[in-house]
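In what follows, a single structure is set out as structure tokens and then discussed.
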Amino acid sequence: MKNYDHKIIEKKWQEEWEKNKLYKVDDTVKGKENFYQLVEFTYPSGNLHVGHWYAFSVPDIFARYKRMSGYNVLYPMGFDAFGLPAENAAIKLGADPKIWTYEHMDKMRLQLRSMGASFDWDREVVTCDPKYYKWTQWMFNQFLKNDLAYRDVTKVNWCPKDMTILANEQVVDGKCERCGAEVEQRDQEQWMLRISKYADRLIDDLDTLDWPHEIKSAQKNWIGRSEGSEIEFGIKNVEEKIKVFTTRADTLFGVTYVVLAPEHELISKLKDKIENWNEVEKYISDTKKKSELDRQQSKEKTGVELKGIKAINPANNEEVPVWIADYVLAGYGTGAVMAVPAHDERDFEFAKKYNLPIKEVIAEIVGDRNKDAIERNRVCAIIENNGKVLCDETNENQTKFGGNYVLVGGGIEEGETPEDALIREVREEVGLNIDITKFKKIQTLRSSWYSERRKCFRTMLHHAYVVNIDITQIKENTKEAKLIWVDIHEAIKNFKKVDNLCQAKILEKYLASKDLFYDGNGELINSSKFNGLASEEARKKITEFVGGKLVNTYRLRDWGISRQRYWGVPIPIVYDIEGKAHPVPDEHLPWLLPTDVDYKPDGTAPLARSKELLERTEKIFGKGWKPEVETMDTFVDSSWYFYRYLDNNNDTEFADKEKINSWMPVDLYMGGAEHTTMHLLYSRFWVKALFDLGLVKDSEAYTMRRNRGLILGPDGNKMSKSKGNVIDPDEIVERLGADTVRLYLAFMGPYGVTVNYPWDPNGVVGVRRFLERVWKLQEKIDKNFTEQSNLLHKTIKGIDQDIKEHKYNTCISKMMILLNGLDKQEKISEEIYKTLLQLLAPFAPHTTEELWADLGEKESIHLSLWPKYDEALTKDDEITIALQVNSKVRAEILINIEETEEEIKQKALKNEAILKHLEGKEIKRVVYVKNKLLNIIV
RNA sequence: GCUGGAGUGGCGGAAUUGGUAUACGCGCUAGUCUUAGGAACUAGUACCGCAAGGUUUGAGGGUUCGAGUCCCUCCUCCAGCACCA
């Protein structure tokens with residue numbers, strides 16, 4: 001037996017495969033179904049790290065498995081080659097970004113080949129190649145023609161260090177995702193794509209996709225659809241209206257003021273009527289100075305009233321004050337809100353700070369709600385002293401508020417207001433006079449129940465107050481009540497026990513906030529003819545009543561794609577003498593990126609400094625015409641690259657329709673979790689747009705998506721040069737081999753789930769040992785020996801199951817178990833060894849190919865067919881089952897699979913260990929689970 | 001705060017979905033062989049206990065003959081969003 005020399009083997013087979021074009025994929029193969037497996041292509045950073053290995057070599061296992069299982073598998077690779085690093089390197093080193101990029105791609109192609117992945121390199125896609133970006137530009141033109149692209153002035157995120165606009169997605173915690181500089185807000189004209197037009201479809205179509213829940217939920221979140229109403233408030237003595245967006249039209253009667261964003265356009269229109277203009281103006285300019293970060297971080301709400309301005313509530317014609325405050329965002333909804341402090345936390349905080357009125361219009365519903373019940377309303381008082389609350393001892397066990405005690409309070413009499421009733425009840429029960437300044441309302445609740453005593457349903461509005469009185473004056477016993485102090489937590493527990501849920505809830509709320517604020521749904525009160533309606537119903541009815549309309553609002557903004565950088569796709573636009581934009585006609589595409597440019601960013605676009613571009617523009621379009629000097633966001637490039645793999649040399653279309661039909665949609669897309677709300681959302685939009693233009697047949701490109709996790713350094717931290725915990729894959733490939741690295745990465749844990757695994761240097765050695773043992777096992781082959789191995793069939797079955805769920809770790813574990821079994825044998829058959837090699841082939845392609853060839857096989861193991869198992873042989877005749885007494889395992893016995901429950905029971909009753917635990921006890925029951933256990937209950 | 005995900009040995013992780021918890025690998029311990037070992041091989045290894053036995057899947061409760069798995073309450077960690085009306 002020769003030595004297992006991974007270096008020789010891997011080099012040899014990589015060359016062999018390339019020479020024979022082993023992984024070249026035809027668009028159709030007779031008798032085979034196509035399977036398109038995609039991984040995110042890479043940025044040519046120039047160095048392949050462990051993350052790349054994890055991203056590409058592990059999915060390669062699956063591609064190989066599918067290929068051996070009879071599919072025509074496309075598993076392509078390419079380069080997302082435009083982008084900032086090349087340009088930054090160019091600036092720093094004085095190099096040409098193009099040369100820098102192409103050199104790095106050359107280097108990475110070599111490294112990628114060392115993985116032994118089954119990429120079809122003939123289909124390689126490079127986004128900075130004019131042959132590719134010609135079609136990126138062409139698609140932009142299509143979008144422009146169909147009103148999906150437009151130019152507009154918007155607030156943009158500006159990175160002062162990278163000197164470019166950033167998308168919202170590229171701003172993390174107010175900082176630039178790339179360089180970490182604090183992002184500024186700027187008004188800037190830029191090219192926009194109407195992704196927001198697709199907001200609903202981007203949410204709704206998620207239902208059709210086999211994607212993990214976590215991505216769907218994150219995308220929904222990101223799009224941020226909220227269903228609500230637009231309602232117009234009139235302004236006293238002014239023609240203008242204030243349009244607000246609210247999700248809680250049911251609380252319209254509770255509006256006590258209206259708030260505009262400081263940037264709201266109405267403010268300047270109202271300038272003449274605003275009595276405190278100076279103060280208002282100052283607040284607005286202060287707001288402008290604040291960065292987005294400051295604005296988010298200042299927790300305390302601030303605002304200024306527009307004195308002299310009154311808004312008119314369309315529901316009841318009430319006049320309410322108008323404020324401006326920076327907690328209202330100009331960019332969301334209508335930039336104006338109706339404030340309902342009783343039912344919105346932010347409004348509540350603001351109202352408390354500025355002493356604005358709080359009006360309750362929603363009663364929380366506790367328990368069931370029964371409209372036909374007899375109504376009797378009630379007040380209750382929370383009188384607290386040192387964690388104890390004053391209660392009235394009661395012997396009315398049969399009522400809803402049965403139990404030993406209830407909060408001080410009682411029914412509201414005919415003609416009384418709740419406040420009257422409260423004052424009266426407190427006086428009667430506690431024997432004290434209180435006045436209106438000594439109590440405050442904390443909540444109104446609705447509850448219904450069945451009264452056993454009165455044999456009918458009853459319902460009540462329960463008005464709860466906190467009452468401040470001098471507790472030394474309390475008389476323990478009045479005519480009306482017998483008072484006791486109860487620990488609040490105790491009282492809550494007891495109220496819950498006796499189903500007095502209202503008072504339990506009130507006390508909980510009292511402990512939590514002590515204030516009148518409830519933001520859930522409920523039943524309308526203090527809302528004129530809408531009283532008694534449920535929130536959900538009232539939202540529609542009240543919106544209708546005031547002539548508003550039901551609308552959806554989204555957090556998602558249109559996608560600004562202009563970048564003031566050099567190394568990207570030139571936006572194919574030219575401006576005429578009047579400055580009007582025109583698309584560069586398709587026949588002039590690709591609209592080439594000029595090369596006579598000083599890359600240094602100075603806040604203006606580098607392309608503005610290209611003579612060649614200007615001359616080209618004037619030559620084609622006429623004197624005085626100017627080129628667009630912005631380039632596209634690189635997320636544009638990656639929004640459609642998976643189509644180009646299908647037909648990467650096509651000069652007349654971005655891809656042939658037939659070829660698209662035979663491959664799309666992508667069957668499996670594996671990639672990083674960081675793309676959830678960026679690439680994955682953008683490319684979904686892009687595909688939907690192409691679909692609407694009739695250019696592709698599917699409105700979703702990726703049938704199944706799985707996100708992978710991260711490989712961490714041995715210390716459990718993210719690998720980084722500064723932490724010194726970076727694992728260099730090249731070094732490990734050199735020392736232990738590519739197959740070992742592939743196998744180890746697959747063995748760390750399940751793939752396709754967002755879990756991060758630390759790299760264990762010893763663990764790699766462990767899987768290398770496994771490969772060596774497989775290598776050595778060949779010595780046990782006896783050509784004259786045949787065997788039938790149940791273990792083998794179980795292994796194949798198990799791997800078939802696990803590999804489909806990308807649990808490569810347990811697949812490998814099962815092969816290890818098989819190896820352990822075979823290793824114990826004196827000799828093994830050649831057949832079983834070959835089958836083991838086939839099972840291992842997707843994981844360790846080089847090693848298995850070598851061993852396969854050594855056994856005299858002429859054709860590649862990777863062209864062989866995946867082993868099949870015989871179901872009958874996956875089951876043993878004899879199995880071990882557990883014997884339990886009272887569900888505790890006391891013994892294990894070997895039984896024949898044919899044995900009946902009765903036979904097993906008899907065996908069990910003869911078992912010493914079992915008898916010991918049965919001694920002196922009577923058998924009550926026996927539970928038998930076939931092939932698992934027998935449980936004797938005594 | 002909201003949304004999503006996750007808590008199992010010293011470590012990475014298994015557990016046919018309600019049926020013998022801790023597979024497989026790493027590490028560790030002892031031994032064999034070796035000039036040597038960061039090599040190979042053999043045996044052991046969840047925890048407490050000499051043992052019989054007992055305990056254990058973040059904590060507490062529940063359903064069940066039986067719970068890592070199902071239900072309720074709570075805690076911790078990770079990720080995303082965050083004054084979104």
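What you see is a predicted model, and the numbers here were worked out from it, not measured in a lab.
- If you take atom C1' in B:rC74 and the same atom in B:rA82, they sit 25 Å apart, rounded to whole Å.
- Both cation-pi conditions hold for A:R684 and A:W211: the charged atom is under 6.0 angstrom from the six-membered ring centre and inside a 45 degree cone around its axis.
- Counting non-hydrogen atoms under 4.0 angstrom, A:K794 reaches nothing in the nucleic acid.
- OP1 or OP2 of B:rA40 lies within a sub-4.0 Å distance of a side-chain N or O belonging to A:R769.
- Residue contacts for A:Y757: at a heavy-atom cut-off of 4.0 Å it reaches the sugar-phosphate backbone alone, with no base atom in range.
- Residue A:N820 places no side-chain N or O under 4.0 Å from the OP1 or OP2 atom of B:rA23.
- Judged by distance alone with a 3.5 Å cut-off, a donor-acceptor contact links the side chain of A:N935 to the base of B:rC65.
- Dashed line: the shortest gap from a side-chain N or O of A:T810 to OP1 or OP2 of B:rC24 is not under 4.0 Å.
- An OP1 or OP2 oxygen of B:rC81 is reached within less than 4.0 angstrom by no side-chain nitrogen or oxygen of A:N221.
- Checking B:rA43 for Watson-Crick or G-U wobble geometry (two distances, each under 3.5 Å) identifies B:rU29 as its partner.
- The base of B:rU20 does not come close enough to the side chain of A:K888 for any donor and acceptor atom to sit less than 3.5 Å apart.
- Because its NZ or CZ atom is both nearer than 6.0 Å to the ring centre of A:W222 and within 45° of the ring axis, A:R555 counts as a cation-pi partner of that residue.
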